[in-house]
2 protein chains.
Amino acid sequence: MDSQGGIRTGVADAASGRAARTGRSWRAGDKRRDLLDGSLAAFARDGYTRASVDAIARAAGTSSRTIYNHFGDKAGLFHAVIVDSARRVADAQIILADRHLGKIVDIEADLLEFGRVWATPAPEFADHFTLVRQVIAEAAHVPPATLEAWQEQGPRRVRRALAAHLRRIADAGHLSLADADLAAAHLVLLVAGDSGQRSLHGAVALEPAEIHATSDAGVRVFLHGYGVR
Amino acid sequence: MDSQGGIRTGVADAASGRAARTGRSWRAGDKRRDLLDGSLAAFARDGYTRASVDAIARAAGTSSRTIYNHFGDKAGLFHAVIVDSARRVADAQIILADRHLGKIVDIEADLLEFGRVWATPAPEFADHFTLVRQVIAEAAHVPPATLEAWQEQGPRRVRRALAAHLRRIADAGHLSLADADLAAAHLVLLVAGDSGQRSLHGAVALEPAEIHATSDAGVRVFLHGYGVR
DNA sequence: CTTCAAGTACAACGCACGTTGCACAAAATG
DNA sequence: CATTTTGTGCAACGTGCGTTGTACTTGAAG
C-alpha cells in the first residue's frame with residue numbers, strides 16, 4: 001500500500017561524484033549549483049510530486065537530462081537539494097549564534113537581542129523553510145536516509161552549536177542548566193516556535209513588533225526556567 | 001506555470017446535492033460518510049496529489065465511480081473532506097471550551113486545566129491535523145474557496161467561541177482584555193503552539209509531562225499579559 | 001588540432017492517474 | 001408489483017510524467 005508513490009531510494013549515486021572523479025574545478029557553467037538553486041525554488045513552490053523534472057530543468061536553465069546525469073534520480077536530486085539548503089541555512093544560523101552568544105555581558109539583554117534576530121525570518125531563506133514544511137507534511141514518503149541527512153546537516157548541527165554556547169555561558173555563571181542540548185531546543189522553540197506557527201495559520205507575514213513581542217516573552221520564559229536564581 | 005497541477009475548482013457541484021434534492025434520509029449504506037472518512041485517512045497519509053481516486057475508493061469500501069457521483073471531482077471531494085473534518089474537530093473543541101471556561105472559580109487554575117486538556121492531542125483527530133499540515137504545505141495549490149470554507153467552519157468558529165468565553169470572563173472581572181478575538185488567538189498559540197511545533201520536528205509523540213509544562217508556561221504568559229493586575 | 005568530458009535536443013517507452021460512458025445489480029419508493 | 005434512485009464493474013481515452021538511449025554540440029585540456 002506504500003509501495004507505489006513515495007520518494008524512492010537513489011540517494012547519492014552520482015551526486016557530487018563528477019566533482020570527485022574528474023579533477024575539474026567548479027568554475028564554468030556550474031550547472032550543479034544552478035540545479036540545486038532552481039530545484040529548491042521549484043520543490044518549495046510545488047512540492048515533490050507536483051514539481052516535474054522538466055519544469056525543474058526549465059527553472060534551472062538546464063536540460064532535464066543533466067539532472068539525471070548529476071543526481072541519477074528525482075529522489076537523488078531532492079536529497080541533494082534539501083541537504084544542501086539545510087547546510088546553508090544552518091551555516092547562517094550558526095554564524096548568527098556566534099555573533100550574539102559569543103560574548104555575554106548582560107544575559108537578559110543579550111538573549112532578548114538574540115531572540116529577536118533569530119525569530120525574524122530572512123527572506124533569502126524563505127524557500128528553504130517552505131520546503132521544510134513540505135518535507136514535514138509528507139515525511140512518511142521521504143526516504144529515512146534523506147530525513148536523517150537533512151536533520152544532521154541542518155537542525156541538529158545548529159542545536160549542537162547553540163548547546164555549546166549555552167554550556168559555556170552556564171559555566172560562566174550566567175545560566176543554570178543540566179542538559180545543554182535540551183535547553184538549546186527549548187530556547188529556539190520559545191523564541192521562534194510561536195511566531196513560526198502563527199505565520200503558518202494566517203499565511204501572512206507578521207509585524208516585526210509582534211515577532212519581537214513573542215520572542216521577548218519566550219526569552220523570559222526561558223530565563224524563568226534556566227536563569228540563575 | 002501554475003496552470004498545470006493545483007487543486008482545481010469543482011467545489012460543491014454535486015456535493016450534498018443528493019441529500020437536498022431527494023427527501024432521502026441518510027440511513028442505509030451511507031456511502032457518503034464512508035467516503036468522507038476513508039478520504040480523510042487517505043489524504044492525510046498521502047497528500048492530495050499522491051492519494052489516487054482509486055485508492056481512496058478502496059479505502060472507503062466503495063467504487064471510484066461513486067466518488068464522482070457524489071462529489072463530481074477529486075477537488076470537490078477534497079473540499080468536502082476538509083470542511084467536514086474541520087467542522088467535527090471544531091465541534092469537539094467548542095464543547096471542550098464550554099466545559100472548562102463556562103464557569104470560572106479560580107482563573108489561573110481553570111486556565112491551567114483548560115490548557116492541559118487543550119494541548120493534549122486527541123488520537124481520533126490525528127488524521128485531521130495531519131491533513132491540515134498537508135493543506136498548509138501546499139496552500140498555494142488549494143483553491144481559495146476551499147481554504148476559506150475550511151477556516152470558516154473550523155479555526156475561525158473555534159476562535160469566536162473562545163473569544164466569547166474570554167469576553168464574558170473579562171466582564172466578570174477575571175481578565176483584562178481589549179480585543180477578545182486576539183486574546184483567543186494568543187491563548188491557543190501559547191497553550192498548544194509550542195508542543196504542536198515540537199511534535200512536528202521530532203515526529204515523535206510528546207510526553208504528557210512535557211505537554212503540561214509547555215502549556216502551563218503558555219498560560220502563565222497569557223495571564224501575564226491579560227490578567228487583572 | 002585532437003580528444004574527451006559535459007551539456008543538450010529529441011524521441012520514445014511504460015505507467016499511473018483523472019475522468020467518463022455504459023450496462024447492470026440492488027435497494028428503496030410508490 | 002413496477003419504478004426510480006444509488007451504487008458497481010469495466011473498459012476506454014487522454015495526458016502528464018519519470019526515465020533512458022542516442023546522436024549532436026560545445027568548450028576546455030593535452
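Naming convention: chains lettered A, B, ... in sequence-line order (proteins, then strands); numbering from 1 in each chain.
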Nearest listed nucleotide, side chain of S52(A), among dT19(C), dG18(D), dG9(D):
dG18(D)

Carboxylate-amine/guanidinium contact R156(B) E148(B), below 4.0 Å
yes

Round to the nearest Å and state the distance from D73(B) atom CG to dT20(C) atom C1'.
12 Å

Measuring from the side chain of K31(A) (C-beta onward, heavy atoms only), which nucleotide among dT22(D), dG7(C), dG7(D) has the closest atom?
dG7(C)

Over how many whole Å does the gap from F71(A) atom CZ to dG7(C) atom C1' extend?
14 Å

Quick check on dG7(D): is either OP1 or OP2 less than 4.0 Å from any side-chain nitrogen or oxygen of T62(B)?
no

Can you check whether A75(B)'s main-chain N or O pairs, donor with acceptor, with H79(B)'s side chain at less than 3.5 Å?
no

To the nearest angstrom, the CG-C1' distance between D46(B) and dA16(C) comes to 14 Å

What is the nucleic acid contact for A57(B), judged by heavy atoms within less than 4.0 Å: base, sugar-phosphate only, or nothing?
nothing

Take the protein atom CG of L77(A) and the nucleotide atom P of dC17(D), then report the distance between them rounded to whole Å.
16 Å

How long is the line joining CG of N69(B) and C1' of dT5(D), in whole Å?
11 Å

Can a side chain N or O of H70(A) be found less than 4.0 Å away from OP1 or OP2 on dA6(C)?
no

May I ask you to decide if the ring planes of F43(A) and Y48(A) are parallel, tilted or perpendicular, using 30° and 60° as cut-offs?
parallel

R65(B) CZ to dC17(C) P, straight-line distance once rounded to whole Å
18 Å

Quiz question: going by heavy-atom distance under 3.5 Å, is there a donor-acceptor pair between the base of dG16(D) and the side chain of R50(A)?
no

Kindly point out which of dT19(D), dG7(D), dT20(C) is positioned nearest to the side chain of Y68(A)?
dT19(D)

Does R32(A) make a side-chain donor-acceptor contact with the base of dG7(C), cut-off 3.5 Å?
no

Electrostatic pair R33(B):D37(B) at N-O distance under 4.0 angstrom
yes

Please give, in whole Å, the distance from dC17(D) P to Y48(A) OH?
14 Å

Using whole Å, report how far CD1 of I67(A) lies from P of dT20(D).
13 Å

Let's see if you can work this out: which of dC22(C), dA9(C), dG18(C) has an atom nearest to the side-chain heavy atoms of K74(B)?
dG18(C)

To the nearest 0.5 Å, what is the distance between OG1 (T49(A)) and CD (E138(A))?
5.0 Å

